[in-house]
Protein chains: 2
Amino acid sequence: MISQAMEDYLKAIYKLQQTIKPVPTSALAEHMGFSPASVTNMCKKLAELNLLHYEPYQGVVFTEAGLQVALEIIRHHRLIELYLSKALNVPWDQVHAEAEKLEHVISEDLEDRMAEMLGDPQFDPHGAPIPSRNGTIFRPESESLIDMKAGNRFVVVEVNDDDSELLRYLGTIGLYPGTELLLVERAPFDGPLTLKVAGKQHNLGYQAAKSVRVAPVETSQEPS
Amino acid sequence: MISQAMEDYLKAIYKLQQTIKPVPTSALAEHMGFSPASVTNMCKKLAELNLLHYEPYQGVVFTEAGLQVALEIIRHHRLIELYLSKALNVPWDQVHAEAEKLEHVISEDLEDRMAEMLGDPQFDPHGAPIPSRNGTIFRPESESLIDMKAGNRFVVVEVNDDDSELLRYLGTIGLYPGTELLLVERAPFDGPLTLKVAGKQHNLGYQAAKSVRVAPVETSQEPS
DNA sequence: CCAAAGGTTTAGGTAAGTCTAACCTAGAGG
DNA sequence: CCTCTAGGTTAGACTTACCTAAACCTTTGG
């Protein structure tokens, strides 16, 4: 009933609707690399199945059912990523590609077993939150490193999982979720950022910095 | 290049060619539940790809390349079965269905990691041999329980993995690969067989007995 | 109120895998 | 050795699932 292509659309819609609601079909088309016509087509199908509310010229919004399906797939994806990383030592820059394929064929039973084995984890290896079995998800506050001011300390909360080259680089400088960093300085305009991680300085390109989400570190821990 | 459907054909051909060579297209059609026309069609495609030698009206035989592909898929399938069984405690009557889906999407890298984690195992949970990475396979001598005479002792070598109801029953009576049994008696014609397993007697239907492959137990261990 | 940006419709294409129905072939029995 | 039939093949068409290009329609903002 729900094809793999449909699942990919729902995942993309989930991602986009965190920024824009309703999601314009053009944004979807761009994100997925399909023509706008294809996207309109598929959106109508998904609306038929009551997974989306589709208003011509306005874009799409999830129905409750659609949101649940999307979260289920995302749960698959992120649990698989974490499982591969922890149980089979797959490097964190490879788990995304593997999970892309596995998420569509894994059974709920298998997923439950993996979740149990991992102790019902909250986050995947890139810091993205794993939706719970009943479809709730909690995303911690974070901001893109690109918007931060030099001279402050941050913790890495989450990084983009789909650029494996970037992940490999971040790995070499030790920039994982939970890692602390100091934003030393920012070159003007779209220039690179200079970071200090574990005592060593590194440069991070402007584009790369967009993919790193951080939270400010509390330097003093006095409560109010 | 090689689609999932093709992989399924190659698997089926591998199974059948253990009994008949060359494999008649009609046998394949019956085994897979497709029309003879569809099978002829696909066999021609696979021959195009140099995976099969196809002689019209005679049937198909693997090329070396085709055999390697078939063994690779079978290795995927059986390693996955064993992995699910050992690492995630999936019951042995369910692993086949899961493996059917996963075998088509798993990467070589992941497979290697699973194999390593399992210590390069020789057999899957049903006793079927796992082809080695370089495509060699060793199947121990065994005969179907259906052909054995009453009054003798046997070890279970292998059982069919695709009948999950049967597997569940065999599980309840403790009949796994490696288990010893005594064939107490056989009802005439196509009647059930009476077995003694771990001191308890059980009946096994005629059809079920076909799926159980055994080897005779050496009662005396004096060498010649 | 109108233009252009954005979105939709229509019509059409491709690819993979399947089937039906008509036809051919091999080989066994008369 | 010929013929009949079971088995196998061919041709053609269908389905499903997805995609596109190009023409057309709508919305929105100046």
Side-chain angles (χ1 to χ4, degrees), chain A residues 1-17 19-62 66 69-70 73 100-101 103-105, chain B residues 1-17 19-62 66 69-70 73 100-101 103-105:
Chain A
M1 196 84 246
I2 298 177
S3 68
Q4 188 163 327
M6 287 174 179
E7 293 183 354
D8 289 337
Y9 271 90
L10 293 176
K11 257 199 316 180
I13 292 165
Y14 184 86
K15 185 157 195 181
L16 293 174
Q17 54 106 55
T19 313
I20 339 160
K21 262 194 253 194
V23 178
T25 53
S26 55
L28 249 183
E30 167 140 18
H31 185 78
M32 304 193 72
F34 295 147
S35 73
S38 304
V39 172
T40 298
N41 227 359
M42 181 58 94
C43 285
K44 282 160 80 173
K45 275 191 210 166
L46 293 171
E48 273 296 299
L49 294 172
N50 285 311
L51 298 172
L52 297 179
H53 293 298
Y54 168 55
E55 199 68 44
Y57 299 100
Q58 306 305 314
V60 293
V61 176
F62 277 124
V69 173
I73 299 157
E100 279 297 286
K101 296 178 297 175
E103 67 187 5
H104 299 294
V105 300
Chain B
M1 197 82 247
I2 298 178
S3 67
Q4 186 162 326
M6 287 175 179
E7 292 183 355
D8 289 337
Y9 272 90
L10 292 175
K11 258 200 314 180
I13 291 165
Y14 185 85
K15 185 158 196 181
L16 293 173
Q17 55 107 54
T19 315
I20 337 161
K21 263 195 249 189
V23 178
T25 54
S26 54
L28 248 183
E30 166 139 21
H31 185 78
M32 304 193 73
F34 295 147
S35 72
S38 304
V39 172
T40 297
N41 227 356
M42 182 57 93
C43 285
K44 281 161 81 174
K45 277 191 210 164
L46 293 171
E48 273 297 299
L49 294 173
N50 286 309
L51 299 172
L52 296 180
H53 293 297
Y54 167 55
E55 198 68 43
Y57 299 99
Q58 306 305 313
V60 292
V61 176
F62 279 123
V69 173
I73 300 158
E100 279 298 286
K101 295 178 298 176
E103 67 187 4
H104 299 294
V105 299

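Chain letters run A, B, ... following the sequence lines, proteins first, then strands; residues in each count from 1. Only this structure's heavy atoms are used, side chains among them; waters, hydrogens and symmetry mates stay out. What you are looking at is a predicted structure, and each value in this text was computed from that prediction instead of being measured.
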Smallest separation among heavy atoms of A/K101 and B/V105, with atom names:
NZ-O, 3.1 Å
Starting at atom NE2 of A/H104, determine the distance to atom P of D/dC18, rounded to an integer number of angstrom.
11 Å
Can you name the atoms? Protein N/O to nucleotides 6-9 of chain D N/O, anything below 3.5 Å, with the distance.
| from | atom 1 | to | atom 2 | distance (Å) |
| --- | --- | --- | --- | --- |
| D/dG8 | OP1 | B/S26 | OG | 3.4 |
| D/dG8 | OP2 | B/S26 | OG | 2.3 |
| D/dG8 | O3' | B/Y57 | N | 3.3 |
| D/dT9 | OP1 | B/Y54 | OH | 2.3 |
| D/dT9 | OP1 | B/Y57 | N | 3.0 |
| D/dT9 | OP2 | B/T25 | OG1 | 3.0 |
| D/dT9 | OP2 | B/T40 | OG1 | 2.8 |

Identify the pairs formed between an N or O of the protein and an N or O of nucleotides 12-17 of chain C at a distance under 3.5 Å, and give each distance.
| from | atom 1 | to | atom 2 | distance (Å) |
| --- | --- | --- | --- | --- |
| C/dG17 | OP1 | B/S3 | OG | 2.5 |
| C/dG17 | OP2 | B/S3 | OG | 3.4 |

Find out whether A/E7 and A/E103 are in side-chain contact, i.e. whether some heavy atom of one side chain is under 4.5 Å from a heavy atom of the other.
no
Where B/I13 and B/F62 come nearest, the two heavy atoms and their spacing
CG2-CZ, 3.7 Å
Taking all non-hydrogen atoms of both residues into account, name the closest pair between B/P22 and B/Q58 and its distance.
CG-O, 3.4 Å
Let me check something: any side-chain donor-acceptor pairs from residues 34-55 of chain A under 3.5 Å, sequence neighbours excluded? List them with distances.
| from | atom 1 | to | atom 2 | distance (Å) |
| --- | --- | --- | --- | --- |
| A/S35 | OG | A/S38 | N | 3.3 |
| A/S35 | OG | A/S38 | OG | 3.0 |
| A/T40 | OG1 | A/P36 | O | 3.2 |

Return the NZ to NE2 distance between B/K11 and B/H31, rounded to the nearest 0.5 Å.
8.5 Å
How close do A/M6 and A/M1 get, heavy atom to heavy atom, and via which atoms?
SD-O, 3.7 Å
Report yes if a side-chain nitrogen or oxygen of B/S38 is closer than 4.0 Å to either non-bridging phosphate oxygen (OP1 or OP2) of C/dT18; otherwise report no.
no
Is the closest side-chain heavy-atom distance between A/Q17 and A/V61 below 4.5 Å?
no
